Structures are given as C-alpha cells and as structure tokens.
Colleague: 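Please see the structure below; I have some questions.
Not measured: the values here are computed from a predicted model. Order of listing sets the numbers, starting from 1, for every ligand and every atom in it.
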Amino acid sequence: MKAIIYHSLSKHKRSEQIAKSFEGDHFKIEPVKPPVRFYPFQLMLYGFLTVSGRSVDYKPLDIDWSKYDEVVLVSPVWAGRVNAYMRQFLRDNEFHDKKVTIVASCDGGYKKYFDSYKGLIDGCNEIVDKQVYVKGELVQTK
Ligand SMILES: Cc1cc2nc3c(=O)[nH]c(=O)nc-3n(C[C@H](O)[C@H](O)[C@H](O)COP(=O)(O)O)c2cc1C
C-alpha cells in the first residue's frame with residue numbers, strides 16, 4: 001500500500017495532479033498561512049524560505065506509517081531543490097523500511113533536487129525511483 005505525500009502551490013496544481021495519478025492514500029502538506037498568490041512574491045518568499053533552510057508551518061497530518069510499504073513524495077522544485085514544505089515534513093516525520101519514489105514537478109531546472117533530499121530520508125529506506133515532470137509531462141524516470 002502506498003502513501004502519497006505531496007505539496008502543490010501554483011494555480012496549475014501540477015504536483016497535485018501528478019500525486020493523484022498514483023494509487024494509494026493521499027496526504028497533502030498544506031501551509032498554515034494562506035499561500036501568497038502573486039508569482040513574483042512567491043519566488044521571493046518561498047525561494048528565500050527554501051534557500052535559507054528556515055522552518056515553515058503546515059497543518060498536522062496523521063499518518064499511520066505501519067499501513068504502508070511504499071512512500072511517494074511529490075513536490076514542486078523551488079530554487080532547484082526540495083521545497084521548504086516537503087523538507088519540513090520530512091524533518092518532522094521519520095519513516096522506516098519503505099520503498100520510496102521521489103518526484104520532481106518543475107519547469108526544467110532540477111539539478112540539485114534529488115541531492116537535496118540527502119539527510120531527509122533515513123538510510124533504511126530504499127529509493128526505488130526518481131521521476132521528473134516538466135510542466136506536467138514525465139521526462140525522466142530512474
Ligand atoms: C519559489 C519558487 C521557486 C521555483 N524554482 C524553480 C526551479 O528552480 N526550477 C524549476 O524548474 N521550476 C521552479 N519553479 C516552478 C515550479 O517548480 C513549477 O512550476 C512546478 O511545476 C509547480 O508545481 P505545483 O503546480 O505543484 O505548485 C519555482 C516556483 C516557485 C514558486
């Protein structure tokens with residue numbers, strides 16, 4: 001059984017659509033504060049939060065990890081790396097012995113994305129796939 005964990009910000013909700021294409025239980029990481037909607041401000045605020053490594057607040061998620069043998073992590077790439085909300089979720093939630101698929105939703109720049117998960121996923125888990133979607137289209141799978 002898969003737990004699909006995702007964050008999605010843009011009006012296109014690309015990560016959400018990608019997440020929904022996986023079968024399993026879906027968990028959405030939602031910021032406590034209403035998201036900024038104006039794209040230039042999004043780039044400044046969320047880019048800053050992501051690059052600076054700051055903590056962010058999201059609504060609590062109740063996940064019974066024992067129900068799942070697979071975890072799928074879907075989120076937009078911010079500043080080339082894992083975005084602040086998915087990072088915070090992974091800092092707060094340690095899971096063990098799962099098969100993990102990491103998915104990037106981006107506009108084409110994702111060089112540091114998979115590396116930026118280092119230290120966020122316990123080594124007892126197995127990364128089984130890394131997928132990249134550019135503007136909603138799957139362009140790379142491990
Ligand atoms: C703060 C911020 C930083 C971003 N940085 C990148 C980036 O480094 N590379 C890239 O290809 N897209 C970047 N984007 C675009 C999103 O990753 C892309 O549009 C993604 O598909 C949006 O997913 P969503 O619809 O689930 O929010 C950025 C967007 C935001 C808001």
Colleague: For K98, is there an ion pair with E70 - N to carboxylate O distance below 4.0 angstrom?
Modeller: no

Colleague: Quick one: list whatever passes ring-ring contact (aromatic ring centres under 6.0 Å, His included) with Y133, sequence neighbours left out.
Modeller: none

Colleague: Going by the salt bridge (charged side-chain N to carboxylate O under 4.0 Å, His left out) test, which pairs reach into residues 107-118, not counting sequence neighbours?
Modeller: none

Colleague: Applying the ring pair (Phe, Tyr, Trp, His ring centres under 6.0 Å) criterion to H7, which one of Y46, F27, W78, Y58 satisfies it?
Modeller: W78

Colleague: Name all pairs fulfilling the ring-ring contact (aromatic ring centres under 6.0 Å, His included) condition that reach into residues 86-105, sequence neighbours left out, sorted by first residue then second.
Modeller: W65-F95

Colleague: When you look for protein heavy atoms under 4.0 Å from ligand 1, which residues do they belong to?
Modeller: S8, L9, S10, K13, R14, S15, Y39, Q42, L43, Y46, G47, P76, V77, W78, A79, G80, S105, C106, D107, G108, G109

Colleague: For the residue pair C106 and V77, what are the closest heavy atoms and their distance?
Modeller: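 That closest heavy-atom pairing would be CB-CG2, 3.6 Å.
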
